[in-house]
Structure formats: structure tokens, C-alpha cells
Enquirer: 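Take a look at this one; I'll ask things after.
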Amino acid sequence: MSNISLDQKEGYVWHNGEYVELKESKVHILTHSLHYASSIFEGCRIYNGKVFKLNEHIERLFKSADLMKIKIPFSRQEIINACEELVRKNNLTFGYMRPLVWYGSQSMKIVPTTNKVECMVACWDTQTGKSTMIDKKAGLRLVLSNWIKPSEKMQPVHAKASCNYGTMILAKADAFEQGFDDVLMLDQYGYIAESSVANVFFVKENTLYTPTTKYALEGITRRSVISIANSLSIPVIEGDFPIEFLNDTEGFFLTGTAIEIAPVESINVSGKEIKFTDTEIADAITKEFYKIVQAL
Ligand code: PMP
């Protein structure tokens, strides 16, 4: 695995139906989506040369497209085939995959009626789940963000749309400036929504609690974790939880494609540090999760 800049990586990208060299891939400087964040995307993980939950990711890509009124000029199956072929072409065993759909450069009008819809899939090598799991053992230190998740009347909150990410970028950048690893964000009603780019789970008395997805992305890892918890007979309660819920929470972890399952060690809420020491359920679920992805 190499840490070289993404734009220097060798390999191929699928762009509008063609496989081109990643280093040679190009978009025009007047691309609509570069100016107005009018793109949608996915983030998938490759384990043992297979894309984990690829169908679900492509389904969510099409749902995001509908929510953003984008007509993808390829079928679900064509994109799935491209993703699978790209992993083979790039000879990847463990990696990250990024499908992206955006409006081209034909017009700068805000409603892109004459802009071509472009589509690409790229992928590159990343650390394996196992090695990232070792790093995560230390536990993340979060801070409660002053930013909140947008209202459904402001943004298409269930789309994995670039326009939603401005708030998350600022929230996480604030956390870094204060020396934390990430944030917890509330919704407009003051209930816990999710982290910057990950869903959240809490453990209390051998039960898992997770916020509803009213103001959070419907995470594919979240869904896998709930199904693993069901298979281990761990009760899961979805609901609206105020921040005070954390005062007697024993365990806390994040879930997401990039972060996988990551225990949280503490959260700073208005200067008060709340600690989480129970990782038993997180460990049991993580073990099952890696069993599943390693058997792909
Ligand atoms: N919430 C947000 C805002 C995200 O960007 C992500 C990452 N896709 C998640 C949650 C976790 O979703 P998933 O498990 O599908 O990666």
C-alpha cells in the first residue's frame, strides 16, 4: 500500500463508459458541479477483491440521483459491472471505491437543463480492515459540534449529495482545530443525529441505541451492524436521543464505510468530558463484521 497523492496513482478510472488511465483523467474547469456542488457520490470498500454491499451502494446512488433530479445515463447493472471490472483492472485486494455523478460544463446556469450528466468510478488501495482496527483500539475523542445537521427543508438530507458536505467539512475541521478526532452533531430539534460522516451507536445495559435516520444518512454499515446485532440477539432501539442520553451511556461507536466500526473513548460536551469504557458489544460486532468481509 502506498501513501502517494491520489492524482499520482497508477491505474484506471471508468469515465462515461470508457476505462482511462487515472493520471490522464480530466474534467473541464467550467464543470457545473465544481461550481455549485451539484454532484452525488458513493463510497464503497473493497475487501478481498470484492466490493462490499455493491448493490446497496449503487441503489443509494440512484436514490441520491432521484432526490437531486439527476438522470444517470447508465443503468444500475452497467455501473455495477464497471465497478467490478475496475477492481479487476486495478488488481486491488483491499481498497476504497468512489462512484461520482455530476453535471458537465455546457452551461453555468443554476438549473443545469442543458448540461451533460457525467459518471465515473475510481478506486485505490487502502489499509485493510484489520490494520485499521488496531489503530482504532485507542478510541476516538469527539466534541459536540456547534454545527447541526441540516433540516430536510434546506437540503436533501437522505441523498449522498456533495451539497450536504459543506457543514460536515466545517464541523470536522473545527474539531481538528480543537484537538479532537471528530464531532457528534445534533439535528434541528436538539436530538443526536450522527457524526460528521458516520452513524452512531450507544451501549447501555447490553442494549444498542441508535438515532433514527430522519436527519442522518441511511448508512450501509449501520444496516450491517443492526443485522449483526440481531444475529447476536443484542436488542437494538432506534429513537430520538437528547445529548443528556450520553451521561450514563457505557459504550459508544461510529460506523461508516471508511471508518468501519470505530469505538469512541470520550466526548466533550460544552467543556465537560464524558468517557465511555465499555467496548464489549462493539468488539463482538466488529469481530462478526470482519468475519463477514473477510469471507467475501
Ligand atoms: N453519514 C454520512 C453523512 C456519511 O457521509 C456516511 C458515509 N457514507 C455515513 C453516515 C455512513 O454511511 P455508510 O455506512 O453507508 O458508509
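Not measured: the values here are computed from a predicted model. Index from 1, following the sequence. Just so you know, ligand 1 is whichever comes first in the structure, and atom 1 is the first atom listed for that ligand.
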Enquirer: Ile220 to ligand 1: N or O pair under 3.5 Å?
Expert: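 So ligand 1 has an N or O lying under 3.5 Å from an N or O of Ile220.
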
Enquirer: The test is side chain to side chain donor-acceptor pair (under 3.5 Å); show your working for Tyr47 and Gln294 and say whether it passes.
Expert: CA-CA 7 Å; Tyr47 294 98; Gln294 276 159 8; over 6 Å; no

Enquirer: Just to check, does Glu218 reach to within less than 4.0 Å of ligand 1 when the distance is taken from its heavy atoms?
Expert: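 Distance cut 4.0 Å: Glu218 fails for ligand 1.
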
Enquirer: If you have a sec, work out which protein heavy atom is nearest atom 16 (O) of ligand 1 and how many Å separate them, to one decimal?
Expert: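 Going atom by atom, the protein heavy atom closest to atom 16 (O) of ligand 1 ends up being Thr257 OG1, 2.6 Å.
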
Enquirer: Taking 4.0 Å as the limit for heavy-atom contacts, which would you say applies to Arg60 with ligand 1: side chain only, backbone only, both, or neither?
Expert: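 The answer is the side chain of Arg60.
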
Enquirer: What do you reckon, does Lys160 put a non-hydrogen atom under 4.0 Å from ligand 1?
Expert: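 A heavy atom of Lys160 does come that close to ligand 1.
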
Enquirer: Is it the case that ligand 1 has an N or O less than 3.5 angstrom from some N or O of Ser196?
Expert: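 Not met; the criterion fails.
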
Enquirer: Around atom NZ of Lys23, are there more than 12 heavy atoms of other residues, nucleotides or ligands at under 6.0 Å?
Expert: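 Correct, the count exceeds 12.
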
Enquirer: Give a yes/no verdict on whether any heavy atom in Ala198 is under 4.0 Å from an atom of ligand 1.
Expert: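 Right, Ala198 reaches ligand 1.
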
Enquirer: Quick one: pull up CG in Asn81 and OG in Ser75 and give me the separation to the nearest 0.5 Å.
Expert: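 If we round to the nearest 0.5 Å, Asn81:CG and Ser75:OG are 7.5 Å apart.
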
Enquirer: My understanding is that only one of Lys160, Arg76, Arg223 makes a salt bridge (charged side-chain N to carboxylate O under 4.0 Å, His left out) with Glu59; could you say which?
Expert: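 The salt bridge (charged side-chain N to carboxylate O under 4.0 Å, His left out) with Glu59 is passed solely by Arg76 among Lys160, Arg76, Arg223.
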
Enquirer: Heavy-atom distance to atom 1 (N) of ligand 1: which of Arg223, Glu194, Arg222 wins?
Expert: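 It is Glu194 that holds the nearest heavy atom.
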
Enquirer: Identify the protein heavy atom lying closest to atom 6 (C) of ligand 1, giving its residue, its atom name and the separation to 0.1 Å.
Expert: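 Answer, as residue, atom name and distance: Val197 O, 3.2 Å.
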
Enquirer: Measure the spacing between SG of Cys119 and CD1 of Ile40 and express it to the nearest 0.5 Å.
Expert: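 Result: 8.0 Å between the selected atoms.
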
Enquirer: Among all protein heavy atoms in this structure, tell me which lies nearest to atom 12 (O) of ligand 1, with the distance rounded to 0.1 Å.
Expert: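 Of the protein heavy atoms, Gly219 CA, 3.4 Å lies nearest.
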
Enquirer: Does Tyr12 have Lys89 sitting over its ring (NZ/CZ under 6.0 Å from centre, angle to axis within 45°)?
Expert: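 Yes - Lys89 lies over the ring of Tyr12, closer than 6.0 Å to its centre and within 45° of its axis.
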
Enquirer: Centroid-to-centroid, Phe252 to Phe245, below 6.0 Å?
Expert: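 No; Phe245 has its ring centre 6.0 Å or more from that of Phe252.
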
Enquirer: Verify whether the ring centers belonging to His35 and Trp102 lie closer than 6.0 Å.
Expert: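 Between His35 and Trp102, the centre distance exceeds or equals 6.0 Å.
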
Enquirer: Any nitrogen or oxygen of Thr255 lying under 3.5 Å from a nitrogen or oxygen in ligand 1? Just yes or no.
Expert: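 Min N/O separation from ligand 1 is not below 3.5 Å for Thr255.
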
Enquirer: Which of the atoms of ligand 1 are close to Met168, meaning less than 4.0 Å from one of its heavy atoms?
Expert: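 So the atoms of ligand 1 that pass are 3 (C).
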
Enquirer: Considering only NZ, NE, NH1 and NH2 on the basic side and carboxylate oxygens on the acidic side, decide whether Glu260 and Arg45 come within less than 4.0 Å.
Expert: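 The answer is yes: the pair qualifies as a salt bridge.
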
Enquirer: Under 4.0 Å from a heavy atom of Tyr165: give me the atoms of ligand 1 that qualify, with their elements.
Expert: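 It comes down to these atoms of ligand 1: 3 (C), 4 (C), 5 (O).
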
Enquirer: Is it true that Arg60 and Glu218 make a salt bridge, defined as a side-chain N closer than 4.0 Å to a carboxylate O?
Expert: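 No salt bridge links Arg60 with Glu218.
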
Enquirer: Starting from atom 14 (O) of ligand 1, which protein heavy atom do you reach first, and at what distance in Å?
Expert: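 Of the protein heavy atoms, Thr221 OG1, 2.6 Å lies nearest.
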
Enquirer: List every atom of ligand 1 that sits less than 4.0 Å from any heavy atom of Gly256, numbering the atoms from 1 in the order shown and giving each element.
Expert: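 Close to Gly256: 11 (C), 14 (O), 16 (O).
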
